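Source: prediction; values computed, not measured. Below, chain A is the first sequence line, B the second, and so on; all start at residue 1.
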4 protein chains.
Amino acid sequence: MPRRRANDPRKTPRQSRSRDTYDAVLEATARILETKGLEAANTNAIAERAGISVGSLYQYFPGKQAIFAELIRRSDAATAEGLATLVAATAGQDLATRLRALVHAAVAQQFARPRLARTLEYLEAALGADEALVAADERIVASVEALLRAHGHELAGPPTKVVARDMLWIAKGMIDGASFVGETDPAQVEARVVGALLGYLGVRGAGSGRAPDARGARTVRARSG
Amino acid sequence: MPRRRANDPRKTPRQSRSRDTYDAVLEATARILETKGLEAANTNAIAERAGISVGSLYQYFPGKQAIFAELIRRSDAATAEGLATLVAATAGQDLATRLRALVHAAVAQQFARPRLARTLEYLEAALGADEALVAADERIVASVEALLRAHGHELAGPPTKVVARDMLWIAKGMIDGASFVGETDPAQVEARVVGALLGYLGVRGAGSGRAPDARGARTVRARSG
Amino acid sequence: MPRRRANDPRKTPRQSRSRDTYDAVLEATARILETKGLEAANTNAIAERAGISVGSLYQYFPGKQAIFAELIRRSDAATAEGLATLVAATAGQDLATRLRALVHAAVAQQFARPRLARTLEYLEAALGADEALVAADERIVASVEALLRAHGHELAGPPTKVVARDMLWIAKGMIDGASFVGETDPAQVEARVVGALLGYLGVRGAGSGRAPDARGARTVRARSG
Amino acid sequence: MPRRRANDPRKTPRQSRSRDTYDAVLEATARILETKGLEAANTNAIAERAGISVGSLYQYFPGKQAIFAELIRRSDAATAEGLATLVAATAGQDLATRLRALVHAAVAQQFARPRLARTLEYLEAALGADEALVAADERIVASVEALLRAHGHELAGPPTKVVARDMLWIAKGMIDGASFVGETDPAQVEARVVGALLGYLGVRGAGSGRAPDARGARTVRARSG
DNA sequence: AATGAATGAGTCTTCATTCAT
DNA sequence: TATGAATGAAGACTCATTCAT
């Protein structure tokens with residue numbers, strides 16, 4: 001429910017002391033969301049967890065929603081950043097290898113704080129878009145698009161942007177699902193996600209140098225059906 | 001404020017009058033979730049929308065959470081039911097066709113009430129599992145497993161159950177994403193999802209009788225990377 | 001500070017039970033304003049004094065300001081009503097006598113709850129006008145206008161309406177002042193106010209049958225100045 | 001929240017720098033009261049408007065109430081001063097002329113900052129009397145008393161002090177009222193107030209050299225009533 | 001069974017005041 | 001002396017739940 005006030009932070013803290021307090025609020029909120037969920041994330045609890053008073057909290061954020069908004073912004077910005085970095089760092093390698101790197105990072109993040117990720121996702125939808133959010137999202141999609149173009153995807157099928165988004169949703173869906181169901185081995189998840197992405201692209205993970213079935217990929221015998 | 005009481009409905013109403021009231025509460029809740037979101041779904045609003053008094057509401061449900069829980073249960077049960085029916089109804093057809101049928105139904109449901117679906121999903125995670133929920137989930141997975149087995153999947157790769165789950169998460173991720181981003185053409189989404197699922201299974205949609213790139217599938221040229 | 005919500009009561013209570021609660025809130029507020037002042041009139045205190053819970057208070061009023069607004073409305077309506085009644089009841093009597101009756105009532109009201117009257121006055125200005133308030137004010141002025149016309153005022157000087165307003169302000173100023181300074185004899189105040197009003201109208205209280213100086217009126221010898 | 005501390009300023013600043021800061025606080029408060037009202041006059045806003053820090057504010061005033069108190073004191077002192085000066089300056093002129101001068105000043109002040117005047121009045125009543133306030137009030141009344149005595153009022157009617165007070169309240173009532181109702185022409189108001197005062201004193205404004213009805217005074221035909 | 005008024009704990013937010021720097 | 005970050009008590013308002021009718 002969007003409040004009347006904007007969800008932008010009240011003051012951008014420059015001094016390190018302020019910066020610390022600011023970050024403490026965000027981290028406290030993240031911890032509460034992770035451990036007790038959205039309902040437990042009230043301003044008093046956040047302030048207490050951050051080791052400050054409610055009054056101080058309101059000196060940095062105009063309201064509770066703004067804390068959530070900033071948390072989402074940071075999370076999305078970090079993802080965008082990480083993705084771009086990884087895409088750049090793996091330039092020259094083959095597609096499967098590069099995807100594996102990206103998926104590895106995504107899985108790691110989700111498995112670190114599954115509930116937080118899920119809650120922020122819900123909040124992102126509930127709070128409504130925001131310039132910064134849209135920008136981060138664009139960067140994320142752009143990174144994947146760049147990757148696809150580097151491997152010749154633009155030649156066929158739906159627009160690259162659509163394909164990039166689909167890949168992101170596939171990965172997100174599978175990773176969320178796995179963590180929700182309680183899977184414990186990130187490597188297994190990772191392998192299956194990469195398999196799914198390559199499958200979606202119509203590329204069998206041939207170049208990976210190992211049997212496709214080893215961990216993730218699979219084949220369905222063409223039978224009666 | 002989540003009470004310790006169970007989330008089971010207070011009584012399973014047999015009489016049709018009671019049944020109507022009970023359903024009215026659920027439908028009212030669904031409508032509010034869809035149109036105004038979780039924050040607006042308070043017991044007073046629900047009762048009013050359902051055309052009854054709060055007191056009556058509490059005659060059928062032990063608390064607000066129980067209404068949500070039942071909504072989720074029904075939604076999941078309906079999905080399980082529908083899936084099983086579709087799988088049975090399409091017996092003998094080829095895999096791609098059968099998947100297309102399933103995905104079609106899933107897309108239709110999500111596009112009908114996107115916000116409701118997303119909110120229930122969040123609530124399902126926030127409220128925690130529940131016998132009935134687990135049961136429904138099992139049935140859903142089982143339907144897909146059956147489908148896979150019918151087409152010879154059990155022979156290779158990860159356990160069929162894991163594959164089934166992955167497929168469900170892939171579909172859910174893509175469909176949610178598409179509706180979130182505001183895609184308007186269900187057919188497009190459907191085609192891409194089917195493509196992704198077949199790709200994941202290592203089956204190129206050859207049997208579908210039309211060019212794979214037409215709507216959903218795509219190929220990546222093997223290049224340098 | 002006008003709140004976002006309107007200052008109209010939430011529901012106009014028809015049943016006597018509700019009506020009682022509604023009135024209890026208003027009376028409690030009046031009592032607190034009279035005895036402890038505006039700062040002490042918080043919703044918790046009001047509810048407690050009214051013998052109800054805060055929740056109930058909010059079932060009848062959308063907010064604190066609305067309680068004040070209604071209090072003002074009632075006070076102004078009562079004044080308008082009383083004035084109109086008195087003017088009608090004294091028809092046929094001479095002007096001085098009629099004014100005396102009006103002033104008598106005004107003094108009585110102010111002396112009954114001086115602080116309440118003053119606070120409501122402040123709030124009326126702070127809250128800003130309101131249809132009902134304006135209407136009551138019109139009726140009040142109209143009563144005095146009628147009185148003036150009945151005694152032939154319309155023939156000379158500023159518009160009757162302006163004169164009527166002046167008279168009201170004169171009376172209000174003097175009565176407030178007297179009660180503020182702590183005067184204890186209402187009769188004295190009353191006599192002086194009547195004298196001032198007649199003097200303003202250019203009518204010496206000749207017809208009153210007693211020496212003008214007896215209690216209120218006075219004469220200044222025309223001397224050097 | 002009224003603390004128990006006295007409302008006296010913390011220190012009477014002698015140095016001009018301190019004096020400036022002190023005055024800046026008072027002026028800032030006055031401006032806020034005038035433009036945004038009492039609710040907006042919080043210490044942070046005052047300090048900001050005064051161009052100082054809250055800390056500094058508390059170096060000069062023991063609390064918020066003390067600022068208001070000093071503002072009232074100054075306002076009343078200025079009124080007392082102005083009145084005394086005007087009375088002295090107009091010595092030898094006739095009563096109507098002298099009253100006109102006083103009323104002119106009063107109207108000018110009220111029309112300059114109507115909301116401020118009204119709010120201070122409310123605060124004066126709410127905060128309760130204070131030595132300095134009482135002293136200023138005595139001086140104000142004394143000025144009017146002196147005026148009356150100079151024109152022979154002491155010979156008849158209620159004590160001169162009472163008459164003086166009445167005159168002050170009449171003027172205040174009318175002027176406040178006029179500004180509240182939104183009258184825009186100070187001259188009109190002025191004329192009517194002078195008329196009312198002379199009428200109260202039993203003096204028709206004969207000496208003023210113009211028709212009494214022209215602007216302010218009026219006559220009521222002695223009719224039946 | 002149904003009603004809906006009543007409850008009051010809990011939540012968000014403000015702001016007068018203090019105090020470390 | 002000045003600063004302004006920090007404090008936390010207090011206040012407005014909501015809403016899940018109960019219960020008298």
Quick one: A/I46 CD1 to F/dA6 P, roughly how many Å, whole number? 17 Å
Whole-Å distance separating the CG atom of B/N44 from the C1' atom of E/dT7: 13 Å
Under-4.0 Å side-chain N/O to phosphate OP1/OP2 contact, B/S53 with E/dG4: no
Can you find a pair of side-chain heavy atoms, one from B/L57 and one from B/K64, that are under 4.5 Å apart? no
Note, C/L38 side chain near C/F68 side chain (heavy atom, < 4.5 Å): yes
Hey, is the side chain of D/S56 poking within less than 4.0 Å of OP1 or OP2 on F/dT3, counting only N and O atoms? yes
If you write DNA chain F from 5' to 3' in dot-bracket form, with Watson-Crick or G-U pairs under 3.5 Å, [ ] for crossing pairs and | for pairs with another strand, what do you get? .||||||||||||||||||||
Describe the nucleic acid contact of A/I52 in one word from base, sugar-phosphate, nothing, applying a heavy-atom distance below 4.0 Å. sugar-phosphate
Tell me the interatomic distance from D/E48, atom CD, to F/dA2, atom C1', rounded to whole angstroms. 17 Å
Taking CZ from B/F61 and C1' from F/dT18, how many angstroms apart are they, rounded to a whole number? 18 Å
Name the orientation class of the two ring planes belonging to A/Y22 and A/Y60 (parallel below 30°, tilted from 30 to 60°, perpendicular beyond 60°). perpendicular
Residue met sooner reading DNA chain E from 5', once D/G55 and A/T43 are mapped to nucleotides: A/T43
If each of A/G51 and B/A41 is mapped to the nucleotide of DNA chain F with the nearest heavy atom, which maps nearer the 5' terminus, i.e. the 5' end? A/G51
With nearest nucleotides of DNA chain F determined for D/L57 and B/N42 from heavy-atom distances, which residue corresponds to the more 5′ nucleotide? D/L57
Which one, E/dT3, F/dG4, E/dC12, comes nearest to the side chain of D/V54? F/dG4
Does B/Q59 have a side-chain nitrogen or oxygen under 4.0 Å from the phosphate oxygens OP1 or OP2 of E/dA2? yes
Measuring from the side chain of C/T21 (C-beta onward, heavy atoms only), which nucleotide among E/dT14, E/dA6, F/dT3 has the closest atom? E/dA6
D/R118 vs D/E121, salt bridge (charged side-chain N to carboxylate O under 4.0 Å, His left out): CA-CA, chis, key distance, verdict: CA-CA 5 Å; D/R118 256 198 315 272; D/E121 220 166 302; over 6 Å; no
Take atom CZ of B/F68 and atom P of F/dA16, then tell me their distance rounded to the nearest Å. 8 Å
Consider only side-chain N and O atoms of B/S56 and B/S53, and report whether a donor and an acceptor are under 3.5 Å apart. yes
Less than 4.0 angstrom between a side-chain N/O of A/Y58 and OP1 or OP2 of F/dT7, yes or no? no
Would you say that more than 12 heavy atoms from the other residues, nucleotides or ligands in this model lie under 6.0 Å from the CD of D/E48, or not? no
From CG of A/D20 across to C1' of F/dA6 the rounded distance in Å is 15 Å
Per atom distances to the A/K64 side chain, the nearest of E/dA16, E/dC12, F/dA2 is E/dC12
Side chain to side chain, B/R115 and B/L33, heavy atoms closer than 4.5 Å: no
For D/R31, the side chain to side chain contact (heavy atoms under 4.5 Å, CB included) test, sequence neighbours excluded, returns D/E27, D/R49, D/R113
Using whole Å, report how far CD1 of B/I67 lies from C1' of F/dC15. 13 Å
Mind calculating the distance between CD (C/E39) and C1' (E/dT14) to the nearest angstrom? 14 Å
